[in-house]
Amino acid sequence: MAAIEPPLVPADEPFDETGIKRELTGVAAKVLAAVALAFSTYQLIIAAFAPLSSLPTRSIHVGFLMTLAFLIHPISNRASRKRIAWYDAVLAVAAFALALYHLVFESALIARSGDPTTLDLVVGTVTVVLLFDAARRVLGLALPIICAAFLAYGMFGEFLPGFLSHRPYGYDQIVGQLYLGTEGIYGIPTLVSATYIFLFILFGTFLEHAGMINLFNSVALGFVGHARGGPAKVAVISSGMMGTISGSGVANVLTVGQFTIPLMRRFGYTPVFAGAVEATSSMGGQIMPPVMGAVAFIMAETLNVPYVTVVQAAVIPAVLYYLTAFWMVHLEAGRAGLLGLPKEDCPNPWLAIRRQWYLMLPLAVLVFMLFDGFTPMFAGIVGLSLTALLILGAGIAAARRSTPLRVLLWVAIGLLAASFFKFGIWPIIVGIATLVALNFAVAGGRDTLRTIRSSLVDGARQAVAVGVACAIVGVIIAVLTLTGAASTFAEFVLDVGSKSLVLSLVLTMAVCLVLGMGIPTIPNYIITSSIAAPALLKLGVPLIVSHMFVFYFGIMADLTPPVALAAFAAASIAKASPMKIGWKATHIAIAGFVIPYMAVYDPALMLQPTGAGGGIDYLAVVYVVFKTVLAIGLWGAAAIGYLRSPINWGERIFAFAASALLVAAVPWTDQAGFVLSGLFIAWHLWRSRAARLAAA
């Protein structure tokens, strides 16, 4: 039988996360593609040359986002999806025109800061209203309703009783906070969206179009496809590797899942379990370095720390998250008696790497630059440029029936070296322009150029959901900043924490999970980090650990019904109930719930300084990682009901108790946890061996 090869993902297939989308053809499709191409071009110019000041850069970015939102998403599910309605075209043009207001009147706005004119208030009001409508179309009703509630609180909270009230604010103060400054819709989340996030989304789409998905699938199939439960393990590994470049859970489901979900179903997994494995594995991409998700960039900017500091804190929890998913599918395969693929049907992973190893070069360069002190902006533009060089060089090489390496590697290395040696971005631009011209000249080169264009268009379309979410949550940030309302919740958490840190953590987790039932990870993190993270910091939780705690549970919330985007995306492929997939995904990821708690009690899990002199105590790191792996192993066995053989409910409760003791870092719990863990493992091994001997 021929080896199973992962299918190619269509290069012209965009992956928008939420909302009803139009299916355009003809002139309308070309107009949409042109706007998306202009958006990507604008962002690349901003990244390479930074020609505009901060506020116009952000406002034009939001203008492009709203323009694409009105062109891509109809006003309702009853509207035509085959054409762009005239009123949506008007709204799209108006949104972009209003976005130029900060650019055209920049000097005047600075001169009259704090004293807005009637025109300022009108433009600000219309822009905010358009943003709410764009968010409703792209993200659904939940987030706009929450933001509207915060806005109403800012406008009318003076009439509320007791501690809920605040001093009155004028309409000009509200609009000024929302629109005219950098603490509202043009705040830090929008800044990060307009700089780092867009670049890394574009980087991911370029690698996808270059064939990285197929490489990841081939490697995963080759290494674990033949193992017990191999198809599900392929899903975990492929999604983890894809998460290193995409940072988007839903995009991972819709790309990797097109191959892994049918493969799992073919080899005996139920549609619900197959969809849940892919959803769980894909959502972890948001915490998988080096790219991670958009939240990581927002966190770095909010905490005013280097991005590599966030990466450092995330790396061990990310690996443990995927270890959890891998362990759960291994146990499920053992419980259900599911085998892997025949060895001869799996591709040779080393052959796949040898053929396409150059696709890993941009990722390797990106990792090196991030850890060597380069800014994420420069690292992103270099990684993106190198990927474009690879695609263009591969097109020329294919036309000459040569390997891509012969044509482009020396060019790419030379141009990158020139950039490193203080020649800036111009050598890369010259190199890309030269390869574009060569692709025009060779047979088949125009197909390569179409791939580049599709990557730019798809990157802009993928950025819409993330960017609109970053802008609309600025309403919440503006109100919290203006009224100081965050301190009320923080005081409540502090009061609870004075009695029990565990209760404070559970309360914060509950807020993250409840918010996650209606809104995506980005606004979830921004809201909870603004409200709950400062309280955790005052309770003695290290700053970055407190933010990682809410970040982590914001991701877990994306798996939690009733609104679990990853589960809904997987359901469309698995042909199963999204609710059942969401609950099963929560079940698969349940062992991962212990990781944030363990990091709070022992920050060494996130590589935070714990040793003498403020350094990292690597012995403490090894100890806590070992303890966490043991806890995950026992918790997984308790959840699935299987280890080497089925375990009964009494044993499951015993295993759960042992793992719970390992989580709590209070006196004697570790010792008790290790003793109970040893007793359980010894008992289970003895009982399993006795059962096998009896069966023989």
Looking only at heavy atoms, which two atoms of Ile201 and Gly459 are closest? And how far apart? CG2-O, 3.6 Å
How would you list, by chain and number, every residue that makes a ring-ring contact (aromatic ring centres under 6.0 Å, His included) with Tyr552, sequence neighbours excluded? none
Check whether any side-chain N or O of Trp327 sits under 3.5 Å from a backbone N or O of Gly633 as a donor-acceptor pair, and report yes or no. yes
Phe203 and Phe200 aromatic ring geometry - parallel, tilted or perpendicular at 30°/60° bounds: perpendicular
For the CZ atom of Arg461 and the CG atom of Leu71, what is their distance to the nearest 0.5 Å? 10.0 Å
Residues two or more places apart in sequence or in another chain: which of them pass side-chain contact (heavy atoms from CB on, under 4.5 Å) with Ala318? Ile287, Met288, Pro289
So, Tyr525 side chain and Ala296 main chain: donor-acceptor pair closer than 3.5 Å or not? no
Identify, with sequence neighbours excluded, every residue that meets side chain to side chain donor-acceptor pair (under 3.5 Å) alongside Gln312. none
Contact summary for Leu331 and Ala637, nearest pair of heavy atoms: CD1-N, 3.6 Å
Set out, in order, the CA-CA distance, both residues' side-chain angles and the distance that settles side-chain contact (heavy atoms from CB on, under 4.5 Å) for Ile237 and Phe216, then state yes or no. CA-CA 8 Å; Ile237 293 177; Phe216 286 157; over 6 Å; no
Should Gln43 and Leu199 count as side-chain neighbours, where that means a heavy-atom distance under 4.5 Å? no
So do the side chains of Arg22 and Lys82 get within less than 4.5 Å of each other, counting heavy atoms only? no
Rounded to the nearest 0.5 Å, what's the gap from CG on Leu361 to CG on Leu386? Could you check? 5.0 Å
Counterpart residues, ring-ring contact (aromatic ring centres under 6.0 Å, His included), relative to Phe39 (two or more places apart): His61, Phe64, Phe198
Side chain to side chain donor-acceptor pair (under 3.5 Å) filter on His684, not counting sequence neighbours, yields Ser688
Side chain proximity check, Met360 to Leu215, heavy atoms < 4.5 angstrom: yes
Taking only residues two or more places apart in sequence, or in another chain, which ones meet Tyr597 in a ring-ring contact (aromatic ring centres under 6.0 Å, His included)? Phe549, Phe553
Partner set under side chain to side chain donor-acceptor pair (under 3.5 Å) for Arg81, not counting sequence neighbours: none
Do you know the tightest heavy-atom contact between Ser677 and Leu634? OG-CD1, 3.0 Å
Listed partners of Ala276 passing side-chain contact (heavy atoms from CB on, under 4.5 Å), at least two apart: Ile581, Lys584, Ala585, Ile588
Suppose we screen for ring-ring contact (aromatic ring centres under 6.0 Å, His included). Which residues come up paired with Phe206, at least two apart in sequence or across chains? none
Is there a side-chain contact (heavy atoms from CB on, under 4.5 Å) between Val625 and Val319 once you walk through the steps? CA-CA 11 Å; Val625 168; Val319 172; over 6 Å; no
Less than 4.5 Å apart, any side-chain heavy atom of Met242 and any of Glu208? yes
As a quick check of understanding, evaluate side-chain contact (heavy atoms from CB on, under 4.5 Å) for Cys470 and Ile298, giving each step before the final call. CA-CA 9 Å; Cys470 287; Ile298 296 173; 3.9 Å; yes
Side chains of Asn217 and Ser238: is there a donor and an acceptor less than 3.5 Å apart? yes
Where Ser281 and Ala325 come nearest, the two heavy atoms and their spacing: OG-CB, 4.5 Å
How many angstroms lie between CD1 in Ile595 and OG1 in Thr628, if you round to the nearest 0.5 Å? 7.5 Å
Is there a side-chain contact between Leu202 and Ser455 (heavy atoms, below 4.5 Å)? no
Run the side-chain contact (heavy atoms from CB on, under 4.5 Å) check on Ser577 and Val272 step by step: do they pass? CA-CA 7 Å; Ser577 165; Val272 169; 5.7 Å; no
By side chain to side chain donor-acceptor pair (under 3.5 Å), Arg265 pairs with (sequence neighbours left out) none
Do Arg689 and Arg644 come within less than 4.5 Å of each other through their side chains, counting heavy atoms only? no
Heavy atoms only: give me the nearest Glu278-Ser239 pair and the separation to one decimal. OE2-OG, 2.6 Å
Any Phe656 side-chain heavy atom under 4.5 Å of Ile653 side chain: no
Looking at His587 and Ala639, would you say the former's side chain and the latter's main chain have a donor-acceptor pair under 3.5 Å? yes
Tell me whether the count of non-hydrogen atoms from other residues, nucleotides or ligands lying under 6.0 Å of CZ in Arg687 goes above 12. yes
Show the atom names and distances, to 0.1 Å, of all donor-acceptor pairs under 3.5 Å that link a side chain in residues 387-394 to residues at least two apart or in another chain.
unit_1: Thr387; atom_1: OG1; unit_2: Gly383; atom_2: O; d: 2.8

Classify the side-chain pair Thr205/Gln462 by whether it contains a donor and acceptor separated by less than 3.5 Å. no
Approximate separation, where rounding is to 0.5 Å, of Glu651 CD and Phe680 CZ: 6.0 Å
For the CG atom of Leu68 and the CG atom of Leu32, what is their distance to the nearest 0.5 Å? 6.5 Å
What donor-acceptor contacts under 3.5 angstrom involve side-chain atoms of residues 222-236, with partners at least two apart or in another chain?
unit_1: Arg228; atom_1: NH2; unit_2: His330; atom_2: NE2; d: 2.8
unit_1: Lys233; atom_1: NZ; unit_2: Arg228; atom_2: O; d: 2.9
unit_1: Lys233; atom_1: NZ; unit_2: His330; atom_2: ND1; d: 2.9

Check Leu366 against Gly380 and note the closest heavy-atom contact, atom names and distance. CD1-N, 4.0 Å
Is it true that a side-chain atom of Tyr322 and a backbone atom of Thr324 form a donor plus acceptor pair closer than 3.5 Å? no
Side chains of His209 and Ser454, heavy atoms from C-beta outward: is any pair under 4.5 Å? yes
Roughly how far apart are Glu332 CD and Ile640 CD1, rounded to 0.5 Å? 5.0 Å
